[in-house]
Every structure is written in structure tokens, then in C-alpha cells.
Number of protein chains: 2
Amino acid sequence: MSIPVTILDVAERAGVSPATVSHTLNGKRPVGKETREKVLRAIEELGYVPSWNASRMKGGKSGIIGCLAADITETFVNQIVRGIEHGLTGGEFSLFFVSGIEFGNDLKKAYDFLKSHKVEGILFCHHLPIWKEFNLDIQNSTIPIVSVNMDTPNMISVIPDNYTGGYQAAEHLYGCGMRNPAMICGPQDRLSVQDRLKGFSQRVKELKLTLPDDKYFGTYDYNHGFSATERLMKEHPLTDGIFCANDYIAAGAIACLQKAGYHVPQQVRVVGFDNRDFSEFWNVPITTFELPLQEMGMLGVSILKQIINTGVYHTEKRILQSRILPRESSKG
Amino acid sequence: MSIPVTILDVAERAGVSPATVSHTLNGKRPVGKETREKVLRAIEELGYVPSWNASRMKGGKSGIIGCLAADITETFVNQIVRGIEHGLTGGEFSLFFVSGIEFGNDLKKAYDFLKSHKVEGILFCHHLPIWKEFNLDIQNSTIPIVSVNMDTPNMISVIPDNYTGGYQAAEHLYGCGMRNPAMICGPQDRLSVQDRLKGFSQRVKELKLTLPDDKYFGTYDYNHGFSATERLMKEHPLTDGIFCANDYIAAGAIACLQKAGYHVPQQVRVVGFDNRDFSEFWNVPITTFELPLQEMGMLGVSILKQIINTGVYHTEKRILQSRILPRESSKG
DNA sequence: TTGTAGGCGTTATCAC
DNA sequence: GTGATAACGCCTACAA
């Protein structure tokens, strides 16, 4: 498509040495005013841009942070990525984003790919424990890794407090008058679901209330919310407060309850999770929890930067609180 | 953090020459079985991964495609990006994803960044004509660029057919009994909005119906839909069919109409656009149009690949049809 | 089947 | 203030 312009071309055109061109660009030593102008003009005219590869051949630093993420169309992923991008502004590092999809979810391959690009750190952004498959590599990885969203053993993790979210949901629903609680969960293999359930159960127990044995596990969507609620209200007709593992489920639950003639929130209170874009405007606005996703991304970057710059690695968990957004679906 | 392992280290450990290591890895010449095993073992033990930078120093090919995108939390962006990722599977190319945010939306800077990484092609994924600022650079860019989603002059563009979407919306609403149409638009500066409006207006005109002069421009959200509808029904009480520029607006419109005592769709029909995740489950399921976002991403990649591999560049527009999803909000 | 040597574009070191 | 030169890690002729 075109012959790449090198520093030699610029040097020749400006009538100077390549070294001078280099120093004009990254100012590591003084350059005469007139020379500098000649060089800059030549660069402009030739459309020269230094080759990143060649630059990185010398020194170690690549100035790149890699991000290995699940499906980018998932809200939790793209929110975190956005936070990462924000954390990156300043130009010290740039982001090499890699989705599992590109590698057929072969994590090892994706990891090696990032390594081959000499990334100085990796942000791991997933919702499933797929790291297990290549656990060994991670443990003695020569590249610092921060796991955002998943609590990953032996790895620095930035995670949302799903447990406390569940706990607060119970507390809130109790305050709104709930005495016969129930929970409709999402996929059983998700840590987020398990933690929300644990927190909810704990507070329910403390309040001397009881929960149905069935936790109504299922997919994270509207249809599951609807059908699970149908079953729940048949099996436990006295239920007057439902904690749903996310807002899609909550939306389905509310629709089902209304169809069955229950008043929400007067007869049955509903709380969701994740604060989806529709939750605020649902026909009964949904009480929910907002996860600090962007903050998590930013924190992940800042931890990684610190490790890279200091060389000090210290396995730790950083837990960020979720925030309850009380709305009509649970009002006393 | 660690001394990088080079091909020399592997060669030494395996007791062979660096060339043999190289050829073991990319199989461009036969390697003895025993030698191969020694080499592979050494690689394994040392955790060696070839340096991408060094590999790409020789030949021109970097094997990287760059993607310059707007805010990744926007559905249209992340759907397209996902399509791109799918189009990339096969391993011929990998994706360097760069968000405008990282560069403070300085497109020129982002472009140079990609260029410095020797990307072989760029996918441009935006919704605003910000390319104008650096139009010149793009026109004689040495790197092939494909614009996905935006119809960009003098550039290969893969775009959704918003015009026909609007046209079909009018057709559909007419078939459902609409005789007094109206449209509630989104942001006036968006091409998508303008095209949807043009298509809708055209069909309305052909049907010998009339549209209010006011097109109710505003933000792409629920609140705008609600308040615009309030105003619309006051100014044009006979309105019996509303085409909303997207589903958020449609949701607000439906809520407003219901609150004001109108029956949807019996008295007023509503059609949205974009098929958001809630549209199917809204209390009146929303008739909408599904954009072929992932397909657009895949097509963008495939065009770019072709250009890169053949060297033949031919400015063209590829227009992909949107698909109507008839639901209750517009039923006759 | 394997080894040796030169070159890719840049920057750091040394000399002027 | 500026120029020559070696070195980075890999690939690929060419030689053996």
C-alpha cells in the first residue's frame, strides 16, 4: 500500500543525522532551533510516525497494559473497560484490549499473545472462573495481573461487594414490611449470585425469618424471573418480598406479580440488582443496587500502574461497595 | 519484574542454533524430530514467547488491525466491536482496540498511535462526524480505513439503512391504522436521526398524510420521550401513530400516553428503533427495528482484510438493512 | 537437517 | 549541538 517512512528518510530530507531526528522528537538532548524546524518540517511533509516496534526493541518498557476480557457486549465488561480507559488517561500507558472471543476462549493463547507484545501488566475482566484452566501459568506469571470483577485466588482482585448487597437487600425489604422473604437467583455457577444469596440469607436468618429451600436458580433474564415467580407464588403464597439476583429477573417478577393480581409493592416488594438502564423507568420503578463498575476499572489500572512503577507485588483483595437505589418496587 | 527470555536463551538451553528454534516455531523448514522436542521442552521450561516487536521488524506485516471507537459502553459500539472480533477469528489478524476516551478524543493522536504500531488497517466506529477535523489525513492515509456505522465521505463505509427503517416504520404504522402520524426525534446532529426522519417523512408524504412541523428533537432518552409526547399530544391531539427515533424515547412515549389515558396501540400506535434489551418486555412490548450491528462489524473486517490482502482499494458504501420486529405497541 | 550472518528502525553511547 | 555506530530480538537467505 505504501513504503513506510523511516527515521532515515526524515534525516536525509532534513539533511541531518537520524540521531538528531530522534532527539528532536523525544527531547532527551537539546537540538538547535533551526535544525529542529527543518526536522519537524520533514516529518510533517513525509507523514512520519516512529515505529513503536523498533522503539521498544531497545529498552524494556512497552508502555502497554493488556486487558483480557469476556464478551464486550456484557454491561459489566464494557463499564469496567470504560473505567480502565479513564484510568489510563495521562498517556503513560496505552491499552491493548483482547477479547476471549478472538481466541476461541483459549486463555493461554490470549495470555501468550499479550506477553509477546510485551505488555507490562494485565487486567483480567471476567465473570467465570476460567482462570483455573491455566492457574499455574498465572501463579508464576512474570507479568503482574489484576483481576477485576472476579475474586481470583492468589491474584490481586478488585471486586464488588455482592455479599453486603444481598445483606442490605434483606435489611431494606424488612424495613419496607417484608416478613416472608424469597430469593430468585441467577446462574448457580456465578460467584456474584452465590454471594448475593449468602448475604441475603444471613440477614434473613438474623431477622429470624425463613427463606424457601428452593432458591430458584436459572438464567439471568426476564423470562426466568417471570416463570420462577409464577412457581414461587404457587409454592409460597404468603411471600411478600422477593430479592431478585438482577434487574431482568426483577422485571419479569414484577410483570408476573401484576398479571396475577398482586400489587407491587403493597402486597409484594421486589428488589433487583445491577441498575440496568430500564430499571428507573419500569412501570414500577425497580429498587436496585448499583455496582461501582467504572470505579473498579479505574482502581484496577491504578493498582497495576503502581506495581509496574514500584515493582512491588502484594496479593490483596479490594472490595468496593455497591449502592442501594430505593425506588417504588419496594416502598413500605 | 524479570529478565525477558529471548530466542538465544532457548537455543542455548536446547543446544541448537537460534535459527532452529525459529523454524521449530513457525515451521518454514523441516526440523528433526528429536531436535524439535528438545527445543519445545526448552521453550516450555523457560516460558519463552517470541517478541512480537522483533518479529515484525523485518517484513512489513504487523498482523494487526486497529479499531478506533467511541465510548464502548454504547450498545452500538460494543455490538459492532463484537462483530469485529468474530470476523477476526482465524488468527490472521489481531485487534488493537483504542477508545477515543484514552486520547481525550484527539483523533489525530489516536490515529498516529495506531500508525506507530504499524496496524495494517483501521476500523473506524463512531456516531458523530468527528473525522472532519482531520479529514485531510484520512483522505491520503497510507493505511486503509473502513468506517463502520457512519457514512463518511471518501471512505469505505458500512452503514445501517436508517432511511429505509424510517420508511418502513411509516408503512407499518399506516397498515396498523395510523392516519395522523408524528415523529419524535433524537439529537439533531446525528445522521441516524436525520435518515430515519427522512425515510419516515418520505413515506408519509407518499401516503398523502402530514407530519407536524415540529420534529421534537432532543436527547435519546426516556425523559425526552415522555415530555415530548406530552407536548405533542397537546399540540396535535389527533395523533394516532408515533415513530420514535429509538426505544428509550418510545418507552417514555408509551408511559406518557398511558398516564394521559390513551390506549396503546388502540388509540395511539408507537414504534421505536434499535431493539433494546427491555423493548420486548416493556409493559406494552415495543415494535422496533433491529440494526445489523454485529454483521456490520464482521463485514467491516472482511472488507478490510480483502483490501490488505489484495492491495485494491475502492471507495464504496455497503448498506445493511435493518429488520422490523412487530410487537404489540403498534398492532392494528 | 542444521548453523551463520546480515538486516529491520530505533535509541543510547561515544566521539567530535 | 551534532554525527557515527552498536545493540535490541527475530527472521531469512545462504552456506555447510
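Hydrogens, waters and symmetry mates are skipped; everything else that's a heavy atom, side chains included, is used. Note on naming: letters A, B, ... go to the chains in the order of the sequence lines (proteins, then strands), and numbering restarts at 1 for each one.
- Protein atom CD1 of A:Ile43 is 16 Å distant from nucleotide atom P of C:dG9, rounded to whole Å.
- Using modelled atom types, no side-chain atom of B:Glu316 and backbone atom of B:Ile156 make a donor-acceptor pair closer than 3.5 Å.
- With respect to A:Asp195, the side-chain contact (heavy atoms from CB on, under 4.5 Å) criterion is satisfied by exactly one of A:Asn162, A:Asp151, A:Asp161, A:Ile159: A:Asn162.
- Between B:Phe96 and A:Phe96, the ring planes are parallel. Angles under 30° get that label, and only those over 60° would be called perpendicular.
- In this structure, the side chain of A:Thr310 engages the main chain of A:Val312 through a donor-acceptor pair within 3.5 Å.
- Contact check, B:Thr20 against C:dG3: a side-chain N or O comes under 4.0 Å of OP1 or OP2.
- Remark: C1' of C:dG9 and CD of A:Glu12 are 15 Å apart, rounded to the nearest angstrom.
- Other residues, nucleotides and ligands place no more than 12 heavy atoms under 6.0 Å from the CD atom of A:Gln306.
- For the helix from C:dT1-D:dA16 to C:dC16-D:dG1, the end axes, each set by the C1' atoms of five terminal pairs, are bent relative to each other by 40° (nearest 10°).
- Within a 6.0 Å sphere centred on CD of A:Glu12, other residues, nucleotides and ligands contribute 12 heavy atoms or fewer.
- No donor-acceptor pair under 3.5 Å is formed between the side chain of B:Ser116 and the backbone N or O of A:Val49.
- A donor-acceptor pair under 3.5 Å is absent between the side-chain atoms of B:Lys115 and the main chain of A:Ser51, judged by distance alone.
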Per-nt protein contacts along nucleotides 8-16 of chain D (heavy atom under 4.0 Å; B base, S backbone sugar-phosphate only, - none) come out as BBSSB-B--
